[in-house]
Amino acid sequence: MPTSASPLVSVIIPVFNAGEYLRPAIDSILQQTLQDFELIIVDDCSRDESLSVARSYETDPRVKVLANAQNRGRSFSDNYGAEFACGKYIAKMDADDVALPHRLQTQVDFLEQNPSVGLTSSFMQCFGESDIVYEYPVSADAVRSFMLFNMPVANPTAFFRRSLLQEHGLRYDDTIQDTFGEDYEFIARVAQVVDIVNQPEILLHYRTLPQTLKADVHARRNAKSNQIRERQLRVFGIPFTERELLVHNTISYFPFTLGDITLAEVHTWLWKLNAFNQERRYADPAAMLRCVAERWFLTCYLNPDKRTNSLREFQRYSLAGHYRPTAKLRGKFLLKSYILRHF
C-alpha cells in the first residue's frame with residue numbers, strides 16, 4: 001500500500017489488451033490541470049503490450065502499476081486498484097479514452113461544493129467511429145428515475161468519494177467477470193446510499209470502435225442489464241408480471257424493437273410506473289413523469305410501421321402531454337410516419 005502523503009484524487013485505469021490506445025489515455029491524466037493525484041493502472045493479464053506500456057510510466061512517482069496474477073475481469077481490477085487508493089476521491093478512467101485537461105479539477109470542485117452528492121459523472125464526446133455526444137440525466141431525482149431503465153452515469157468519467165467504499169462497504173461485484181453490467185450494478189447500489197448528480201458538460205473523449213467489433217458486446221451487456229433492471233424494479237417495489245418485465249426491458253435500450261408488444265402495452269406500463277411513484281416517492285414525481293414521458297415518445301418514434309400510425313398513437317395517450325419534442329424531432333417523426341404509410 002502507498003505510504004506517501006495522501007493525494008487528493010486516485011485515478012484507476014483497468015487495462016486488458018488496450019496497448020494500442022493506452023498511452024494517450026495515460027498522458028491525458030498526467031497532463032491534468034489538477035496535479036494532486038495518483039494514477040493506479042491495473043493490468044488484467046493483457047496479451048498485448050499493455051503492461052510494458054504502463055510500466056514505461058513508472059518513473060513518474062505518481063504512477064503505480066499493478067498486474068493481476070490471472071485474468072479476473074474488470075470488476076476485480078477495479079476493486080484491486082481501489083485497495084491501493086489513498087485519495088479522498090476516486091476517478092474512473094478507461095484505457096482507451098482521453099480525459100480533457102480540466103476533468104479532475106472540475107469534478108473535485110463539484111463534489112467539494114456539493115457535500116450531499118456522493119458520485120458524479122459528465123457528458124462524453126465520442127470519437128473514432130462516431131462523433132455523437134452522450135448525455136446523461138443531471139439531477140439526483142432524474143438519475144434515480146432513469147436508473148430504472150438504464151445506466152444513468154458515464155462510467156468512464158465516474159468520480160466518487162472513497163469514503164463510499166470505506167463506510168458502506170461498496171465494491172464492484174467481481175462475480176461479474178465479463179465487462180458487461182458491472183458498472184450499472186455498482187451504480188445502482190451506490191444510489192441507495194447517496195445522491196448521484198451528473199455534470200452537464202463534456203469532460204472526456206470516448207473512443208468508439210466499429211460496430212462489427214461491438215455487436216456481441218451489446219448482446220451480452222443487454223442480457224446482464226436485464227437482470228439488473230429486474231433487481232431495480234424490485235428495489236422500487238412495484239409489482240410486475242413476466243410480460244410487463246419484457247415490456248420494460250424492451251423499451252430500456254436502443255432500438256426499442258417491440259416485436260409483438262403493442263404501444264398500448266407500453267403506455268400502460270409506463271403510466272403504472274408513474275402512478276406507483278406518485279404513491280411511493282421513490283423519486284420526485286415531476287422527474288419520474290418527465291422520464292417515462294420521454295420514454296413513451298422514444299418508443300413511438302422508433303417504432304413507426306405501415307399498420308400503426310405511431311405519431312397518432314403517441315398523441316392520443318396521456319403521457320404525450322408531458323413531453324414536448326423539439327421542432328426538428330417532431331418534423332422527422334411526421335416525415336417518417338407519412339412515408340411509411342403512403343409509400
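Quick note: residue numbers are just sequence positions, from 1.
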(request) Give the C-alpha distance, both sets of side-chain angles, the deciding distance and a yes or no for salt bridge (Lys or Arg N to Asp or Glu O under 4.0 Å) between E20 and R207. (result) CA-CA 12 Å; E20 180 181 357; R207 188 182 302 275; over 6 Å; no

(request) Under the side-chain contact (heavy atoms from CB on, under 4.5 Å) rule, what do F256 and L298 come out as? Steps first, then yes or no, please. (result) CA-CA 8 Å; F256 297 26; L298 290 172; 3.6 Å; yes

(message) If the test is side chain to side chain contact (heavy atoms under 4.5 Å, CB included), which one of I26, L104, I40 qualifies with V11?
(response)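 Answer to the side chain to side chain contact (heavy atoms under 4.5 Å, CB included) test with V11 among I26, L104, I40: L104.
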
Return yes if some donor-acceptor pair links the side-chain N/O of [X] with the main-chain N/O of [Y] below 3.5 Å, else return no.
| X | Y | result |
| --- | --- | --- |
| S46 | L51 | no |
| H322 | E294 | no |
| S130 | C126 | no |
| D174 | S75 | no |
| D141 | A283 | no |
| N150 | S252 | yes |
| S139 | A142 | yes |
| T241 | E244 | yes |
| S10 | C86 | yes |
| R281 | Q278 | yes |

(request) Show your working on side-chain contact (heavy atoms from CB on, under 4.5 Å) between L233 and V235 and close with a plain yes or no. (result) CA-CA 5 Å; L233 290 175; V235 170; over 6 Å; no

Strictly under 6.0 Å, is that where the ring centroids of [X] and [Y] end up?
| X | Y | result |
| --- | --- | --- |
| F333 | F297 | yes |
| F159 | Y89 | yes |
| F123 | Y134 | no |

Report yes if some heavy atom in the side chain of [X] is under 4.5 Å from a heavy atom in the side chain of [Y]; otherwise report no.
| X | Y | answer |
| --- | --- | --- |
| P156 | M124 | yes |
| V117 | F110 | yes |
| D260 | L258 | no |
| L100 | L204 | no |
| F236 | R234 | no |
| R171 | R189 | no |
| C300 | L263 | yes |
| R74 | D94 | yes |

Between the side chains of [X] and [Y], does any donor sit under 3.5 Å from an acceptor?
| X | Y | value |
| --- | --- | --- |
| Q107 | R103 | yes |
| H267 | W296 | no |
| N198 | S121 | yes |
| D48 | S50 | yes |
| Q232 | Y184 | no |
| Y323 | R295 | no |
| E230 | N226 | no |

For [X] against [Y], the heavy-atom pair lying closest together:
| X | Y | value |
| --- | --- | --- |
| A191 | R144 | O-NH1, 3.3 Å |
| A18 | A95 | CB-CB, 3.7 Å |
| A54 | I41 | CB-CG2, 3.9 Å |
| D96 | F127 | O-CZ, 4.2 Å |
| Q166 | R162 | NE2-NH1, 3.0 Å |
| M288 | N277 | CB-ND2, 3.3 Å |

(message) Would you say CZ of R324 has more than 12 non-hydrogen atoms from neighbouring residues, nucleotides or ligands within 6.0 angstrom?
(response)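 Not buried by this count: 12 neighbours or fewer within 6.0 Å.
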
(message) Please check if the number of heavy atoms outside E58 that lie under 6.0 Å from its CD is greater than 12.
(response)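 Count over threshold, so yes.
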
Between atom [atom1] of [X] and atom [atom2] of [Y], what is the distance when rounded to the nearest 0.5 Å?
| X | Y | atom1 | atom2 | value |
| --- | --- | --- | --- | --- |
| E201 | T157 | CD | OG1 | 10.5 Å |
| L111 | Q199 | CG | CD | 7.0 Å |
| E49 | L22 | CD | CG | 9.0 Å |
| I228 | M147 | CD1 | CE | 11.0 Å |
| H248 | I238 | NE2 | CD1 | 9.0 Å |
| L270 | T299 | CG | OG1 | 6.5 Å |

Under 4.5 Å between side-chain heavy atoms, hopping through other hydrophobics if needed: is there a path connecting [X] to [Y]?
| X | Y | answer |
| --- | --- | --- |
| I196 | I90 | yes |
| Y301 | Y253 | no |
| I132 | L203 | no |
| V292 | L302 | yes |
| I13 | F16 | no |

(message) What verdict does the side-chain hydrogen bond (donor to acceptor under 3.5 Å, both in side chains) test give for Q105 and D109, after you've listed the backbone C-alpha separation in whole Å, the side-chain angles of each residue and the deciding distance to 0.1 Å?
(response) CA-CA 6 Å; Q105 185 68 66; D109 290 346; 2.9 Å; yes

(message) Assess the residue pair S28 and H205 against the criterion (side-chain contact (heavy atoms from CB on, under 4.5 Å)); give the C-alpha distance rounded to whole Å, side-chain angles, the decisive distance to 0.1 Å, and a yes or no.
(response) CA-CA 10 Å; S28 74; H205 289 162; over 6 Å; no

(request) In sequence, state the C-alpha distance, the side-chain angles, and the governing distance for E182 and K224, and then conclude on salt bridge (Lys or Arg N to Asp or Glu O under 4.0 Å). (result) CA-CA 9 Å; E182 87 289 341; K224 185 62 185 179; over 6 Å; no

(request) Run through D97, D78, D183 and flag the one making a salt bridge (Lys or Arg N to Asp or Glu O under 4.0 Å) with K92. (result)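 By the salt bridge (Lys or Arg N to Asp or Glu O under 4.0 Å) criterion, K92 pairs with just one of D97, D78, D183: D78.
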
(request) Let me see the working for D44 and V15 under side-chain contact (heavy atoms from CB on, under 4.5 Å), right down to the final yes or no. (result) CA-CA 6 Å; D44 194 23; V15 183; over 6 Å; no

(request) Please test Y57 against R62 for side-chain hydrogen bond (donor to acceptor under 3.5 Å, both in side chains), starting from the C-alpha separation and ending with a verdict. (result) CA-CA 9 Å; Y57 286 88; R62 297 169 298 176; over 6 Å; no

